[in-house]
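For the single chain, residues carry numbers from 1 onward in sequence order. Predicted, not measured: the structure shown is a model, and the values here were computed from it.
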Amino acid sequence: MTIKIHVLHTGLVTVDKSIPAHEAAINPLAFTGIFRSHKNKITLPVSSYLIEHPKGLVLIDTG
C-alpha cells in the first residue's frame, strides 16, 4: 500500500506576528492589524494537502 502526500502552496497571507506565536500584544486589537506597523507583520504561506490513498484522494484545506 502506497500513500503519497502532496503539499500545495496556494498563496500567501500577511498577519500580525503575534498571531502564529500566540503572543500577547500591548494593543488588544493587534490581531486585526489596526495601528500596527509593517515591522510587526509577517508573511506566511497558505497550504493545502492532497493525500493519495489506494481507496481515493483526500484534499485537506483548513482555510
Side-chain angles (χ1 to χ4, degrees):
M1 175 186 297
T2 301
I3 298 174
K4 293 181 183 178
I5 300 175
H6 305 276
V7 179
L8 307 172
H9 296 290
T10 57
L12 298 171
V13 64
T14 300
V15 298
D16 189 272
K17 67 180 183 180
S18 67
I19 292 175
H22 301 287
E23 295 175 354
I26 295 172
N27 178 352
L29 298 175
F31 69 94
T32 67
I34 296 174
F35 307 120
R36 297 286 278 183
S37 69
H38 186 70
K39 72 177 186 173
N40 289 316
K41 296 182 181 182
I42 58 173
T43 301
L44 302 171
V46 177
S47 303
S48 297
Y49 305 90
L50 178 65
I51 300 170
E52 288 186 60
H53 189 276
K55 292 186 178 183
L57 300 174
V58 176
L59 179 63
I60 299 174
D61 181 1
T62 62

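Through side-chain heavy atoms spaced under 4.5 Å, either directly or across other Ile, Leu, Val, Met, Phe, Trp or Tyr residues, V7 is tied to M1, I3, I5, Y49, I51, V58, I60.
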Side chain to side chain contact (heavy atoms under 4.5 Å, CB included) assessment of L12 paired with L44: CA-CA 6 Å; L12 298 171; L44 302 171; over 6 Å; no
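Remark: K55 pairs with H53 by the side chain to side chain contact (heavy atoms under 4.5 Å, CB included) rule, at least two apart or across chains. Under the rule for a side-chain hydrogen bond (donor to acceptor under 3.5 Å, both in side chains), T10 has no partner lying at least two apart in sequence or in another chain. For T2, the side chain to side chain contact (heavy atoms under 4.5 Å, CB included) criterion is met by K4, not counting sequence neighbours. With sequence neighbours left out, the side-chain hydrogen bond (donor to acceptor under 3.5 Å, both in side chains) criterion links H38 to no other residue.
V15 and V46 fall within a single hydrophobic cluster, where Ile, Leu, Val, Met, Phe, Trp and Tyr are joined by side-chain heavy atoms under 4.5 Å apart, directly or via other members.
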